[in-house]
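First the proteins, then the strands, lettered A, B, ... as listed; each starts at 1.
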Protein chains: 2
Amino acid sequence: MKLQLHIRMNEALFLRNPEGSELGKKIIRHSVELIYKNGFEAFTFKKLAEDIKTTEAGIYRYFENKHKLLVYLTCWYWGWLEFQISFHTNNIKDPTVKLKRIIKLLASAVADDEQTNYLNESLLHQIIISEGSKAYLTKQVGEDNKQEFFKPYKDLCGIIGNIVRECNPKYKYPKSLASTIIEMAHFQNFFMNNLPSLTDFGNVKQESAIISFLDHLVFSSIKKV
Amino acid sequence: MKLQLHIRMNEALFLRNPEGSELGKKIIRHSVELIYKNGFEAFTFKKLAEDIKTTEAGIYRYFENKHKLLVYLTCWYWGWLEFQISFHTNNIKDPTVKLKRIIKLLASAVADDEQTNYLNESLLHQIIISEGSKAYLTKQVGEDNKQEFFKPYKDLCGIIGNIVRECNPKYKYPKSLASTIIEMAHFQNFFMNNLPSLTDFGNVKQESAIISFLDHLVFSSIKKV
DNA sequence: TATTTATGATAGCAATACTATCTATACAGG
DNA sequence: CCTGTATAGATAGTATTGCTATCATAAATA
């Protein structure tokens with residue numbers, strides 16, 4: 001059975017829906033590959049066009065600029081992750097177990113789902129680690145926020161915050177703890193691989209170490225006294 | 001008495017030392033103002049040149065490109081902060097009190113030190129919050145790291161990590177906790193002001209709330225059982 | 001006084017970030 | 001079958017960015 005996951009995207013992110021055509025899907029797939037390979041700064045619509053043998057103007061019919069494309073990718077990622085989380089924590093009653101599972105999902109490398117060839121989830125995960133913050137660390141964050149570009153991220157943060165609250169209703173910072181978990185799952189990974197002396201995982205370089213750190217951080221915080 | 005603080009900078013960051021001339025100092029001062037005002041993406045050497053009534057080529061004699069200038073500013077900031085920390089925690093014996101003081105320094109808005117007119121520390125602090133991560137979230141992070149561009153950040157992280165270890169020698173993640181404190185002091189501030197629903201401080205919008213959150217996070221983690 | 005050094009002025013060039021227009025093709029509806 | 005409409009390819013053009021190079025001038029220094 002081939003179960004197709006579809007993530008509903010904010011229409012303000014694109015000019016033409018990339019999911020609706022072959023060219024559109026190619027744009028997404030290859031932009032993930034190019035950004036992964038060369039980084040977001042070096043990524044241009046010209047290079048992308050050459051890569052998929054279309055023209056620059058062709059790309060501009062889908063996305064206004066590369067910032068919107070990056071935001072599109074991050075939104076897709078958060079939506080996808082929310083689904084992964086709801087799938088993998090389904091039927092788990094204990095919020096503590098749930099939270100542990102979520103930390104693991106957040107901090108683990110992602111295997112490319114061969115079934116979805118819309119994009120390579122594993123590369124996208126790497127992009128989110130290295131480039132994800134650039135989606136909101138801009139001067140236009142306010143306007144982008146008004147257009148709900150960060151809704152998927154906020155939704156995920158809200159879900160995690162609620163589970164934190166279930167674990168301990170008296171804990172005062174569920175949302176900040178949630179955003180800390182999400183950001184640190186990625187930043188500690190980036191540091192581990194690029195600036196290892198900022199972490200305690202430089203020698204092992206294993207995600208399991210990050211998971212242990214986050215587990216300890218989170219459960220010490222929300223432990224009832 | 002006018003005590004002049006001098007921060008020793010990595011020479012590979014510039015072509016000509018900006019501290020050594022009036023033009024150089026103007027470059028630093030005005031780049032902080034412009035980046036603060038328009039954001040790093042919109043910041044160009046051309047605009048900076050117009051702002052200080054020199055030529056583009058004039059700026060390029062000091063800095064190879066705007067990335068190096070951003071790294072320069074972040075280095076200066078971390079060096080400056082290390083001094084602030086050593087100054088304000090001097091003579092404190094209890095590592096717990098020390099750590100509390102450090103969290104406060106990290107998460108507090110900075111008053112511009114009128115004495116140093118090299119640059120506006122208060123604006124620089126805001127820049128570090130919004131743009132600081134872009135100094136290392138690049139494809140060249142490895143080469144930059146080889147040239148020790150992130151040494152001041154690592155040093156600060158090391159200092160904080162050591163104090164964490166003093167608080168509890170058995171705690172397993174002092175360095176990751178240190179980088180988490182530093183990053184979250186800034187990210188929670190950015191979120192509070194720009195994406196408030198990612199935090200629990202949206203209503204109050206006060207740094208004191210971030211400090212309480214970080215205090216709780218850190219001291220729950222390193223508490224001896 | 002000669003000479004190095006810093007700056008200013010100007011030019012130029014390749015790449016980036018778009019916008020516009022025109023054509024070919026497919027396919028969908030009448 | 002014809003005819004609109006939507007999609008994409010082809011080409012051109014423009015302003016800005018991100019540099020590099022050259023020449024002249026003024027100030028500092030040897």
Side-chain angles (χ1 to χ4, degrees), chain A residues 9 11-31 34-35 37-73 118 131 134-135 138-140 143-144, chain B residues 9 11-31 34-35 37-73 118 131 134-135 138-140 143-144:
Chain A
M9 300 296 296
E11 307 233 330
L13 284 170
F14 48 75
L15 300 169
R16 222 207 277 313
N17 193 339
E19 286 173 292
S21 72
E22 276 316 305
L23 181 59
K25 283 182 234 172
K26 261 190 183 173
I27 288 174
I28 300 301
R29 191 155 180 76
H30 286 78
S31 65
L34 272 186
I35 295 173
K37 206 168 135 203
N38 307 321
F40 186 64
E41 276 70 39
F43 170 79
T44 68
F45 279 4
K46 183 115 191 273
K47 290 175 192 164
L48 176 60
E50 276 159 24
D51 201 47
I52 58 185
K53 279 148 191 53
T54 181
T55 58
E56 219 183 334
I59 317 277
Y60 277 104
R61 286 190 189 113
Y62 283 84
F63 289 98
E64 231 179 291
N65 52 51
K66 69 175 188 168
H67 174 249
K68 287 257 171 83
L69 176 51
L70 178 66
V71 177
Y72 180 93
L73 294 178
Y118 184 44
E131 324 284 357
K134 296 171 192 167
T138 69
K139 271 286 156 186
Q140 339 131 46
E143 294 132 65
D144 285 1
Chain B
M9 300 297 295
E11 306 233 329
L13 284 170
F14 48 75
L15 300 169
R16 221 208 278 313
N17 192 338
E19 285 172 292
S21 72
E22 275 317 304
L23 181 59
K25 283 182 234 172
K26 260 191 184 173
I27 289 173
I28 299 301
R29 191 157 181 74
H30 286 79
S31 66
L34 273 185
I35 295 172
K37 205 169 134 202
N38 307 321
F40 186 65
E41 275 70 40
F43 170 79
T44 68
F45 279 3
K46 182 115 192 275
K47 290 175 192 162
L48 176 59
E50 277 159 23
D51 201 47
I52 59 185
K53 279 149 191 50
T54 181
T55 58
E56 220 184 334
I59 317 278
Y60 277 104
R61 287 189 187 114
Y62 283 83
F63 289 98
E64 231 180 290
N65 52 51
K66 69 175 188 167
H67 174 249
K68 287 257 171 82
L69 175 52
L70 177 67
V71 177
Y72 180 93
L73 295 177
Y118 183 45
E131 324 284 355
K134 296 171 191 167
T138 69
K139 271 285 156 187
Q140 340 131 46
E143 294 132 64
D144 285 1

Point to revise | DNA chain D contacts made by residues 42-50 of chain B, counting heavy atoms under 4.0 Å | key: B:T44, B:K47
Point to revise | Interface residues of residues 16-26 of chain A with DNA chain D (non-hydrogen, below 4.0 angstrom) | key: A:R16, A:S21, A:L23
Point to revise | B:E64 (side chain) and D:dC19 (base): donor-acceptor pair under 3.5 Å | key: no
Point to revise | B/S/- contact track for nucleotides 23-30 of chain D, protein heavy atom under 4.0 Å | key: --------
Revision key, fill the gap. With sequence neighbours left out, the residues meeting ring-ring contact (aromatic ring centres under 6.0 Å, His included) with A:Y72 are A:F63
Review point. Residues two or more places apart in sequence or in another chain: which of them pass ring-ring contact (aromatic ring centres under 6.0 Å, His included) with A:F40?
Key: none
Practice item. May I ask you to test the B:L69-B:I28 pair for a side-chain heavy-atom distance under 4.5 Å? Key: yes
Review point. Crowded around B:K139 NZ? As in, over 12 foreign heavy atoms under 6.0 Å?
Key: yes
Exercise for review: Take the protein atom CD of B:E41 and the nucleotide atom P of D:dT16, then report the distance between them rounded to whole Å.
Suggested key: 19 Å
**Study point:** Sequence neighbours excluded, every pair satisfying salt bridge (Lys or Arg N to Asp or Glu O under 4.0 Å) that has a member inside residues 13-22 of chain B
**Key:** B:E22-B:K25
Check your understanding: Going by the salt bridge (Lys or Arg N to Asp or Glu O under 4.0 Å) test, which pairs reach into residues 48-71 of chain B, not counting sequence neighbours?
Key -> B:E64-B:K68
Check your understanding: Quick one: side chain to side chain contact (heavy atoms under 4.5 Å, CB included) partners of B:E41, sequence neighbours excluded?
Key -> B:E131, B:K134
Point to revise | side chain to side chain contact (heavy atoms under 4.5 Å, CB included) partners of A:T55, counting only residues at least two apart | key: A:A57
Check your understanding: If an axis is fit to five pairs at each end of the helix from C:dT1-D:dA30 to C:dG30-D:dC1, what is the angle between the two, to the nearest 10°?
Key -> 10°
Practice item. Taking heavy atoms of chain A and a 4.0 Å limit, find me the 5'-most and 3'-most nucleotide of DNA chain C within that range. Key: C:dT16 to C:dT21
